[in-house]
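Below is one structure; the comments refer to it alone.
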Amino acid sequence: MKTLKKYLNRYFIDAMGAMALGLFASLLIGTIFGTVYKYTGLELLNTIATFAKGATGAAIGVAIAHRLEAHPLVMFSCGAVGAMSNAMGAVIGESGGLLRWAVTAGDGSGVFYAAGPAGAFFAVIFACEVGRLVSKKTKVDILVTPVVTLLAGFLASWALCPLVSYVMYYLGTFVSFATTFQPLLMGIVLSVVMGVVLTLPISSAAICAMIFSDAAYEVALANGTAEGFLLAGGACVAGCCAQMVGFAVVSFRENRWGGVVSQGLGTSMLQMGNIVKKPVIWLAPTLAAAVTGPISTMVFGLQCKGVAAGMGTCGLVGPIGVIDATPNPDASMWIGLVLVCVVLPGVFSFLFNELFRKLGWIETGDMKINA
């Protein structure tokens, strides 16, 4: 059990957290530059956005290899593995069947669905661990290590990426259809679940990058559920914002303005230690998410896709993602953005938290963040 816990922590906490950093340094920053370009028209920003997004796979590869403490040659080779696995996938037919393994769309039959960050995550981990086995073990390390790492990465990509893309295809399709036909229920479920994931020591950004990828959006467009797809992303933004803003507000007694900044613009994960000691402190932000999620889907129709859906107010990336995914932002979107992402999470979290304090469930000092 101890060994299993070690590897689960290594791959699904450490590696996934590193993956989120790789996404942030490439796809996410590229999205921000692209959004600013849309409103300024500065071609320089568009150029940066294009290349940053194009480097997503490589950034993921290097980030994961670095977190797994790979030697330099393994790490740099994993950059190539990440680029390769991020692009590989499968061609899926109109009926939803897997037609063939593929790197590109080929002759245009069916829909090419890249494995994206999800495929890169698994392929890079495999390639990195194999590369570490041979790294610095021979006198011709400069040849052996990259060759072995790249071959392992290709084999993992060829074997896993089409399957990963197939799973992500159906997951994205389910979320799109479910939100299209049940926006109220899915608004609650997605907001609560993704908000909880954001606060846990795993990456909500990485998960959203997998579910709400560009390929998934193209599929949603093809089957007529694009609106549900984007609404689902908006609900995830609402849930993540509820956790971050919620904890920033309810822990103000203990952490003051430093806590507002570190949690509201940083991460609610800072409360994880306190949650383990007293889980009830998690209830107020989570209930707030259950309220703001359906308000997002049913009232304001906030939309989002990609990694931004899992970032919340971290660097204001979630709200920026909503702006970027909205073709023609109007007053309703701006009002909804402020209310769902900032005002309502703070208000509802405060009200729920005060109720729990009066019931004696929460006391001052329960949410103190250790410096």
Legend entry - Enclosure of Y39 OH (heavy-atom neighbours >12, cutoff 6.0 Å): yes
Inset, instruction - List the steps, then state whether side chain to side chain contact (heavy atoms under 4.5 Å, CB included) holds for N328 with M333. - result: CA-CA 9 Å; N328 299 299; M333 188 221 71; over 6 Å; no
Legend entry - Joint cluster assignment, F33 & V36, ILVMFWY side-chain distance < 4.5 Å: yes
Legend entry - Trace of the side chain to side chain contact (heavy atoms under 4.5 Å, CB included) decision for T267 with C314: CA-CA 6 Å; T267 175; C314 178; over 6 Å; no
Inset, instruction - Compare all side-chain heavy atoms of V250 with those of F247 and state whether any distance is below 4.5 angstrom. - result: yes
Inset, instruction - Treating Ile, Leu, Val, Met, Phe, Trp and Tyr as nodes and any side-chain heavy-atom pair under 4.5 angstrom as an edge, say whether L42 and I48 lie in one connected cluster. - result: yes
Legend entry - More than 12 heavy atoms from other groups under 6.0 Å of CG on L359: yes
Legend entry - Heavy-atom check, side chain of C128 versus side chain of I64, under 4.5 Å: no
Legend entry - Under the salt bridge (charged side-chain N to carboxylate O under 4.0 Å, His left out) test, residues paired with E363 that sit two or more places apart: none
Inset, instruction - Starting at CG of L23, measure out to CD1 of I29 and round the result to the nearest 0.5 Å. - result: 11.5 Å
Inset, instruction - Determine the minimum heavy-atom distance between M88 and S157, stating which atoms define it. - result: SD-CB, 3.5 Å
Inset, instruction - Mind listing the closest non-hydrogen atom pair of A123 and G153 along with its distance? - result: CB-O, 4.4 Å
Inset, instruction - May I have all residue pairs that pass salt bridge (charged side-chain N to carboxylate O under 4.0 Å, His left out) and include part of residues 60-69, sequence neighbours excluded? - result: D14-R67
Inset, instruction - Working to the nearest 0.5 Å, report the span between SG of C78 and CZ of F126. - result: 11.5 Å
Legend entry - Non-neighbouring partners of T149 that pass side chain to side chain donor-acceptor pair (under 3.5 Å), sequence neighbours left out: none
Inset, instruction - Take T180 and M186 through the test side chain to side chain contact (heavy atoms under 4.5 Å, CB included) and record every step on the way to the result. - result: CA-CA 9 Å; T180 298; M186 289 301 289; over 6 Å; no
Inset, instruction - Determine, using the 4.5 Å side-chain heavy-atom cutoff (strictly less than), whether V189 and F212 are members of one ILVMFWY cluster. - result: yes
Legend entry - Set of residues satisfying side chain to side chain donor-acceptor pair (under 3.5 Å) with respect to Q271, sequence neighbours excluded: Q263, N274
Legend entry - Partner set under ring pair (Phe, Tyr, Trp, His ring centres under 6.0 Å) for F122, not counting sequence neighbours: none
Inset, instruction - Determine, step by step, whether F352 and L283 satisfy the side chain to side chain contact (heavy atoms under 4.5 Å, CB included) criterion, reporting the C-alpha distance in whole Å, the side-chain angles of both residues, the deciding distance to 0.1 Å, and the verdict. - result: CA-CA 8 Å; F352 284 127; L283 196 52; over 6 Å; no
Inset, instruction - Could you tell me which residues satisfy side chain to side chain contact (heavy atoms under 4.5 Å, CB included) with N46, sequence neighbours excluded, listed by chain and number? - result: Y37, E43, T50
Inset, instruction - Quick one: closest heavy-atom pair of M367 and I281, and the distance? - result: CG-CD1, 3.7 Å
Legend entry - Sequence neighbours excluded, every pair satisfying side chain to side chain donor-acceptor pair (under 3.5 Å) that has a member inside residues 117-137: R10-E129, Y11-E129, H71-S135, E129-R132
Inset, instruction - Treating Ile, Leu, Val, Met, Phe, Trp and Tyr as nodes and any side-chain heavy-atom pair under 4.5 angstrom as an edge, say whether V62 and V124 lie in one connected cluster. - result: no
Legend entry - Check: T292 main-chain N/O paired with S296 side-chain donor or acceptor under 3.5 Å: no
Inset, instruction - Using distance alone, with no hydrogens and no angle criterion, decide if D141 and T145 have a side-chain donor and acceptor under 3.5 Å apart. - result: yes
Inset, instruction - Without swapping roles, check the side chain of K38 against the backbone of D324 for a donor-acceptor pair under 3.5 Å. - result: yes
Inset, instruction - Apply salt bridge (charged side-chain N to carboxylate O under 4.0 Å, His left out) to the pair R253 and E354, showing each step before the final yes or no. - result: CA-CA 12 Å; R253 288 180 177 87; E354 288 304 301; 2.9 Å; yes
Inset, instruction - Provide the closest heavy-atom pair for A120 versus G82 in the form atom of the first, atom of the second, distance. - result: CB-O, 4.0 Å
Legend entry - Hphob cluster co-occupancy, V260 + F348, side-chain heavy atoms under 4.5 angstrom: no
Inset, instruction - Taking ring pair (Phe, Tyr, Trp, His ring centres under 6.0 Å) as the test, write out the residues that go with W361, two or more places apart. - result: F356
Let me have the donor-acceptor pairs involving side chains of residues 219-246, under 3.5 Å, with sequence neighbours excluded, atom names and distances please.
from	atom 1	to	atom 2	distance (Å)
N223	OD1	T225	N	3.2
N223	OD1	T225	OG1	2.5
N223	ND2	V219	O	3.3
Q243	OE1	T199	OG1	2.8
Q243	OE1	W282	NE1	2.8
Q243	NE2	T286	OG1	3.2

Inset, instruction - Please report the shortest heavy-atom distance between I211 and M168, naming the atom on each side. - result: N-CE, 3.7 Å
Legend entry - Donor-acceptor contact below 3.5 Å, side chain K368 vs main chain E254: yes
Legend entry - Gap separating the CE atom of M84 from the CG atom of L150, nearest 0.5 angstrom: 6.0 Å
Legend entry - Pairwise distance CD1(I207) to CE(M194) - rounded to 0.5 angstrom: 5.5 Å
Legend entry - Side chains of L287 and V291 in contact at under 4.5 Å (non-hydrogen atoms): no
Inset, instruction - To the nearest 0.5 angstrom, please state how far the OG1 atom of T179 sits from the CZ atom of F174. - result: 8.0 Å
Inset, instruction - With sequence neighbours left out, write down each residue that passes salt bridge (charged side-chain N to carboxylate O under 4.0 Å, His left out) with D366, or none if nothing qualifies. - result: K278
Legend entry - ring pair (Phe, Tyr, Trp, His ring centres under 6.0 Å) partners for F252, two or more places apart: W257
Legend entry - Interatomic spacing from CE in M269 to OG in S204 - rounded to 0.5 Å: 7.0 Å
Inset, instruction - Keeping the roles fixed (side chain from S213, backbone from A216), state whether a donor-acceptor pair exists under 3.5 Å. - result: yes
Legend entry - Closest approach of P294 to A289 (non-hydrogen atoms, all atoms of both residues): CD-O, 4.3 Å
Inset, instruction - Could you list the residues that satisfy side chain to side chain contact (heavy atoms under 4.5 Å, CB included) with F12, not counting sequence neighbours? - result: L8, M16, F121
